Amino acid sequence: MNAMSPTQSVHTAEAQPLLEMVGISKSFPGVKALSDVALSLRAGHVTALIGENGAGKSTLVKCLTGIYQPDSGEIRVDGKPVRFATADAAQAAGVTAIHQETVLFDELTVAENIFLGHAPRTRLGFVDWAAMHARAAAILHGIDAPISTRVRLKDLSIAQRHLVAIARALSVDARIVIMDEPTAALSYKEVEDLFRIVARLKAAGKAILFISHKFEEVWRIAEYYAVFRDGRQVGAGLLADVDQHDLVKMMVGRDVAHVFPKGEPKIGDTVFSVRKLSHPTEYDDISFDLRRGEILGLYGLVGAGRSEVCQALFGVSRPGSGEVLLDGQPLVTRSPSDAIGAGIVYVPEERGRHGAITAMPIVSNMSLPSLRQTSRRNFLRMAEEFALARTYAERLDLRAASLSQPVGTLSGGNQQKVVIGKWLATRPKVIILDEPTKGIDIGSKAAVHAFMSELAAEGLAVIMVSSEIPEVLGMSDRVLVMREGRMAGLFDRQGLTPEILVRAATGNSEGRQ
Amino acid sequence: MSLIRTLLARRETLLLCAMLALLIGVTARFPEFATPASLANVFHDTSILIILALGQMAVILTKSIDLSVAANLAFTGMTVAMLNHAFPDLSILVLMGLALTMGLALGAINGLMVWRLNMPPIVVTLGTLTIYRGLAFVESGGAWVNAHEMSPAFLELPRAVVAGLPVLSWLAILAIGLSVLLFDRTPIGRAFFATGGNAVAAVYTGIDVGRTRFYAFCLSGMLAGLSGYLWVSRYAVAYVDVAGGFELNVIAACVIGGVSIAGGIGSVAGTVLGALFLGLIMNALPVIGVSPFWQMAISGAVIIAAVTINARAERSVGRNILRRKEIVL
């Protein structure tokens, strides 16, 4: 178990790492994304990077690829310190990344996609098309991808596009390859193909950083691991020295219960039922009951279909089949205003994009869904709007100089309070919170949690979508786990552990490991 | 008291100062320019621009654009002029009602294509711009309707003086008043701001974004239809190329007045000032003897200057966010 200490791992390597990161820190206004992080990658080996959403993995990748510059710390390649001031500089040093959602150009050919930005040139400086197609074909051949270099990307399947993305990453003569959840969108067979490519890259002496949530994959192709939590590296070493239980423990940490203001729930009758809700492509056979005063956690990996289900419940999208009952009555929500009218509200993920209208003042944001109550004969009454906004601003302990201040001038946590406040003002029966504390500071997090408990105590039924295991365990009365669009389990609070959740979400049983 | 207007207060003050400076500069050499009668004349001259700009403001607030307003004006104006020629006894109020309805219908066509077919507003209205003006050509066969073919009542209504101002000016004032009510005091007005400010957030708040855009196009079309009658009557002539390119002046008035092309930001006061500013320039330049060729270039420069100021104003708001954030943290 000594492999869990961060310093230990370095000495277990047989040779000097190809790439090392030491003491890397990176802050954004209000958030410390990485603090004093270390990572080493070795030639011919795969290192798996593991951590929950928001643990700092993406920030690390961006520091490695020159998109962000770390505030402090050092990156060394072959033992020599380097600075990646731009993405080009990182690429020139041999670092390349294959992203989860590949950024490619639909209307360009395969060869153009592979060589965009570094196309071979003729002596006169024009693009050397013959050389480009020949080299593209060679790279594709090298990864066993039978794709013509002349077809347009839009005519390829998702898996083929992924191969093009890999070919693009390899076209720059990379020595260090970062794969950010490369299997997230692939089928079983395509994953097998990908693993063959990874094996080839390994054999070619490349150092690979493999980011994945799926332990099964990690054990199959990686030799080393590094676990991140809350922007820190909490463990690193040889995978052979640990088991899945150890990794989950590192990922989640131990201090789960004590910070959450979970009151004694007074759970009442069923208020909201979902029966066999299905969609042709996004989710299938989702059923659950929600009772007054209950907080139902909705856990799963990113892309498991949680938000899609919630959006269907809120009327943003339409399910293919299934039934929703509110207070025992069948409910059809064709639009969000139907849902709001029925008493179901949704606080979406990504406040800035979905929640608040940042150019509008606090008061108008808060009153926006309640204009029917605050206006008389279709004319707005400002005094009513201010009264409403003041009520909920006080309840939520909103910190603002004035209610006339635009929401964009508030901190993230206070913006979230405005978004939640505007929904409370509609006096809902069911409130859906999608990642309610993502990207907000710890103080505001605690306030949002306390407030959730308060809402439940008042008899509201709460659905909380969250990817943070401590939050799910700390706040939920029951937890519904989704995996790949299906229900992977519905668990009671009692006896629920991080391991159970992770196993259900990743579909990995102890036996298959 | 509109809060959005408070937010924009500085921009409107700036515009007002620029107008005063211009006025003082011109008056220094041509004192008669600043007489109440002359200023009332500037307002009278700008009335149609104000009416159109208020409709355009609704459209731009929802992050759309209506390029077809001048073509709508020409088509509707030609129609009412021809009707007046054919049936001189038809009441002017009926004709005005007809102009409003026809403009509304033409605007609704734009709105329906944007809403139901999900087409980009710039493409839709670029198409209808050509279609509407083409239809004006079809119905008139390219012929003009001249002053002597219009009934006296048709010609006199806009310039009839009531309580010291011509009816046309009163109509602009009425449009301003109704717009203040609409934009600041009704849920649909709020929906215009929300739709352009953050369409996704608006959807999640229960606002039907497509329908809101549709209403904005209807409003813009309706005001364009009304302006069709007003224009033809005021200039006492109807022909296919009436108000050619005027949609650009309308959009310019909005932009100068601080309406953000990106949607969600703007005010009635700003839009009216933007239109008046353009009107003032158009009236002042000939007075100080600037050649008509320069007038176009100067108005263009003013538009660019206004957009630059707007862009800078929005950026400085961005800096304020960070500063405040630091204080909060």
Side-chain angles (χ1 to χ4, degrees), chain A residues 29-30 311 314-316 335-341 345-348 350-365 367-372 374-375 378-382 385-386 399-414 419 422-423 426 441 443, chain B residues 1-9 61 63 178 180-212 258-260 262-267 313-314 316-329:
Chain A
Q311 284 170 1
F314 189 57
V316 175
S335 70
S337 71
D338 287 354
I340 296 165
V345 302
Y346 181 45
V347 180
E350 294 194 65
R351 246 176 353 268
R353 276 191 19 205
H354 299 164
I357 297 163
T358 49
M360 268 195 180
I362 295 169
V363 53
S364 313
N365 263 285
S367 63
L368 203 52
S370 311
L371 291 182
R372 229 170 283 168
T374 58
S375 56
N378 261 323
F379 278 97
L380 304 175
R381 289 181 298 173
M382 297 297 174
E385 290 186 40
F386 271 96
R399 304 281 165 81
S402 136
L403 290 173
S404 309
Q405 195 177 329
V407 170
T409 61
L410 299 174
S411 72
N414 281 309
V419 175
K422 81 175 179 189
W423 288 126
T426 67
D441 58 282
Chain B
M1 44 150 212
S2 157
L3 301 156
I4 288 144
R5 205 190 303 155
T6 318
L7 172 69
L8 294 171
L61 276 181
K63 208 172 188 169
L178 289 177
V180 169
L181 279 182
L182 176 75
F183 287 107
D184 293 353
R185 292 293 161 115
T186 67
I188 181 70
R190 196 60 68 73
F192 290 146
F193 286 96
T195 295
N198 185 343
V200 183
V203 168
Y204 281 96
T205 312
I207 292 171
D208 189 331
V209 167
R211 186 189 294 271
T212 304
V259 181
S260 167
I265 302 174
S267 70
E314 270 155 41
S316 80
V317 167
R319 279 200 291 268
N320 285 344
I321 293 170
L322 269 182
R323 230 177 279 143
R324 287 207 196 176
K325 228 177 190 174
E326 278 158 24
I327 293 165
V328 171
L329 294 168

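If you're wondering where the values come from, they're calculated on a predicted model, not measured in any experiment. All chains are named by letter (A, B, ...) in the order of the sequence lines, taking the proteins before the strands, and each is independently numbered beginning at 1.
If you measure heavy-atom distances from A/S335 to chain B, you find no contacts under 4.5 Å at all. Using a 4.5 Å cut-off between heavy atoms, A/T426 does not touch chain B at all.
What you find for A/I340 and B/T205 is that their closest heavy atoms are CD1-O, 3.3 Å. In plain terms, the two heavy atoms of A/P336 and B/G206 that are nearest each other are CB-CA, 3.9 Å. Of all heavy-atom pairs between B/P187 and A/L371, the closest is CA-CD1, 4.0 Å. Closest of all the heavy-atom pairs between A/A356 and B/A201 is O-CB, 4.0 Å.
Considering OH of B/Y204 and NZ of A/K422, their distance stands at 11.0 Å, rounded to 0.5 Å. Note that OG1 of A/T374 and CZ of B/R190 are 7.5 Å apart. Values are rounded to the nearest 0.5 Å. With values rounded to the nearest 0.5 angstrom, A/S364 atom OG is found 10.0 Å from B/D184 atom CG. Note: A/L380 CG to B/I188 CD1 = 11.0 Å, rounded to the nearest 0.5 Å.
Taking the salt bridge (charged side-chain N to carboxylate O under 4.0 Å, His left out) definition, one finds that A/R381 meets it with nothing, sequence neighbours left out. For A/F314, the ring-ring contact (aromatic ring centres under 6.0 Å, His included) test picks out A/Y346, with sequence neighbours left out.
The only option from A/I357, A/T358, A/V407 that meets the side-chain contact (heavy atoms from CB on, under 4.5 Å) definition with B/N198 turns out to be A/I357.
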